[in-house]
A.B. asks: 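Dropping a structure here in structure tokens format, bear with me for questions.
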Amino acid sequence: MHDIKYIRENPQEFDQAMARRKVSPVASVLVAADLELRGLTQKMNDLQAERNAASKQIGAAMGKGDKALAEQLKAKVAAMKDDLAAAEIAQKAKAESLDEILMGLPNIMEQEVPDGADESDNREAHRHGEPTKIANAKEHFELGEKLTSSTGPQMDFDLAASLSGARFVVLKKDLARLERALANFMLNLHTEEFGYEEVVPPVLVKEQALLGTGQLPKFEEDLFHADQDFYLTPTAEVTLTNLVRDSIMSEEELPKRFTAWTQCFRSEAGSAGRDTRGMIRQHQFSKVELVSITTPEQSEAEHERMLSCAEEVLKRLDLPFRTMVLCSGDTGFGARKTYDIEVWLPGQDGGKGRYREISSVSNTGDFQARRMKARYRKTGEKQAQFVHTLNGSGLAVGRTLIAVLENYQQADGTIAVPDVLQSYMGGKKIIG
RNA sequence: GGAUAGGUGGCCGAGUGGUCGAAGGCGCUCCCCUGCUAAGGGAGUAGGCGGUUUGUAGCCGUCUCGAGGGUUCGAAUCCCUUCCUGUCCGCCA
């Protein structure tokens with residue numbers, strides 16, 4: 001959500017920013033609508049002031065027992081009733097239509113975000129480790145389907161399909177535990193070493209929460225909609241960020257840092273045919289999310305910090321990765337700037353290997369804060385202002401599991417357990 | 001699911017039609033007093049929008065007492081709808 005005052009004062013700058021988003025110029029429309037709205041508001045306020053003044057006089061007249069005067073005043077107010085009602089309706093309609101446009105506009109990106117059309121234009125920021133070299137590297141699903149359990153493979157897509165259809169998986173036995181081990185490892189790291197507060201949020205939320213973080217109103221088709229006006233959360237970013245909705249914090253409280261391990265639900269509308277094999281793209285997956293609430297001054301540094309928190313997970317798992325700055329065409333609706341961490345998956349592309357996204361770390365500035373009215377007060381200042389919010393995956397657990405399988409695969413199809421996970425796996429060193 | 005009580009400022013809590021954006025308390029800020037500590041005295045202390053203004057001062061208007069609608073000249077107070085919370089009963093992991 002944008003500050004209409006900013007648009008009013010910097011219409012060209014705003015349109016230029018929107019142009020980078022492939023949004024056609026809207027500033028002039030917005031400014032005109034805003035001008036009109038303020039006129040309507042003024043008119044409404046004037047009528048209300050008139051009514052309020054008369055009503056006060058009626059009260060006074062009644063108090064003095066002057067019935068005649070009271071009746072006369074009543075008639076006067078009654079006469080303006082229609083005008084007032086009309087003014088209120090017109091004002092409200094205008095305010096709503098302006099709001100609707102504003103809610104549908106994407107965030108302004110930071111200057112340094114490179115221009116570009118799609119992911120091929122993303123810029124590499126840095127990389128860590130050398131791509132793992134494995135002869136005849138297999139893909140994660142080939143490996144997972146070879147591992148056995150009491151009811152078929154440990155990674156069972158057929159069974160999942162019979163329960164839930166496409167884009168689901170059932171993990172069993174050691175792979176099920178590996179998923180939990182990864183999540184626990186991540187949560188422990190973020191809470192114990194990086195100062196994040198652990199949260200267990202709901203995964204069913206109301207529309208309001210999704211409007212706050214920006215998934216609604218524009219991206220409803222990406223969400224699962226449940227009964228009774230509930231939506232399944234596509235990411236814990238929604239609930240963690242909304243923890244501070246409608247509140248005014250003090251400067252000393254910031255930054256606030258939250259983490260949660262949750263199931264995430266995405267309809268994947270529009271991604272038919274992509275990543276259909278394996279568990280890269282699922283309707284349900286688990287993710288350890290990181291969210292920070294900061295002052296405007298802190299948010300850039302916090303963005304780098306959050307990125308390094310996520311990267312640290314991969315470093316400790318000894319998984320090679322590269323970090324990309326997303327270009328303008330690939331940066332999400334609510335983000336000012338986004339880093340993607342891409343992990344090396346040696347089994348991709350028939351064993352040639354490829355980097356695939358495993359985390360996305362975004363600074364949204366005050367974009368979400370405005371939508372959910374999350375503010376803070378600077379020490380000694382009277383005026384409250386909007387906080388900045390950041391979110392990042394730390395990491396997507398399912399994809400991390402894939403990365404472990406592909407990078408730690410042995411020639412015989414077994415999987416070595418990364419050192420840092422062994423204690424979480426009951427001391428197990430090999431799966432298979 | 002049934003019954004019942006509620007949702008008021010940073011917090012607690014009063015307020016059943018007019019002078020209520022709202023008593024009182026707590027907290028917080030500033031000032032005064034006080035050898036230290038403790039205590040005491042005074043003042044201030046919600047947010048949004050708009051206007052005025054060189055002004056994130058002040059002043060003016062307006063809206064906001066969970067949300068939305070209605071009654072009324074006038075609503076925190078009355079009516080309707082809805083969301084949420086507490087308690088009891090039922091059911092239940």
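Note on naming: letters A, B, ... go to the chains in the order of the sequence lines (proteins, then strands), and numbering restarts at 1 for each one.
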A.B. asks: Can A/K337 and A/E112 be counted as an ion pair, charged N to O under 4.0 angstrom?
C.D. replies: yes
A.B. asks: B/rG68 and B/rC12: how far apart are their C1' atoms, nearest whole angstrom?
C.D. replies: 28 Å
A.B. asks: Quick check, are the ring centers of A/H2 and A/F367 under 6.0 angstrom apart?
C.D. replies: yes
A.B. asks: With a cut-off of less than 4.0 Å, is there a side-chain N or O of A/R375 near OP1 or OP2 of B/rA46?
C.D. replies: no
A.B. asks: So what does A/R8 hit on the nucleic acid, given a heavy-atom distance under 4.0 Å: a base, only sugar-phosphate, or nothing?
C.D. replies: sugar-phosphate
A.B. asks: Tell me: CZ of A/R51 to P of B/rU71, nearest whole Å?
C.D. replies: 13 Å
A.B. asks: With respect to A/D34, which candidate in A/K5, A/K94, A/R8 satisfies the salt bridge (charged side-chain N to carboxylate O under 4.0 Å, His left out) definition?
C.D. replies: A/R8
A.B. asks: Look at A/K43 and B/rU62 and indicate whether a side-chain polar atom (N or O) is within less than 4.0 Å of OP1 or OP2.
C.D. replies: no
A.B. asks: Go nucleotide by nucleotide along RNA chain B from the 5' end; which of A/F230 and A/K5 gets its closest nucleotide reached first?
C.D. replies: A/K5
A.B. asks: Send over the distance from A/Q91 CD to B/rU64 P, rounded to a whole Å.
C.D. replies: 12 Å
A.B. asks: Rounding to a whole Å, what distance do you find between A/N45:CG and B/rU64:P?
C.D. replies: 11 Å
A.B. asks: Using only side-chain N and O atoms of A/K56, determine if any of them is under 4.0 Å from OP1 or OP2 of B/rC73.
C.D. replies: no
A.B. asks: Check this for me, if you would: do A/R167 and A/E268 make a salt bridge, where the nitrogen-to-carboxylate-oxygen distance has to be below 4.0 angstrom?
C.D. replies: no
A.B. asks: Within this structure, what is the CG-to-P distance between A/D246 and B/rA67, rounded to whole angstrom?
C.D. replies: 10 Å
A.B. asks: Rounded to whole angstrom units, what separation is found between the CD atom of A/E207 and the P atom of B/rA67?
C.D. replies: 17 Å
A.B. asks: For A/L73 and B/rU72, what is the distance between atoms CG and P respectively, to the nearest whole Å?
C.D. replies: 18 Å
A.B. asks: Are A/R316 and A/E312 ion-paired here, with the side-chain N under 4.0 Å from a carboxylate O?
C.D. replies: yes
A.B. asks: Using atom P in both nucleotides, what's the gap between B/rA14 and B/rA3 to the nearest angstrom?
C.D. replies: 27 Å
A.B. asks: Do any side-chain nitrogens or oxygens of A/N52 fall under 4.0 Å of OP1 or OP2 in B/rC73?
C.D. replies: no
A.B. asks: Grab the CZ-P distance between A/R38 and B/rU52 for me, whole Å please.
C.D. replies: 10 Å
A.B. asks: Can you tell me if A/K76 touches the phosphate of B/rG74, counting only side-chain N or O atoms and a distance under 4.0 Å to OP1 or OP2?
C.D. replies: no
A.B. asks: In whole Å, what is the span from the CG atom of A/L37 to the P atom of B/rC49?
C.D. replies: 12 Å
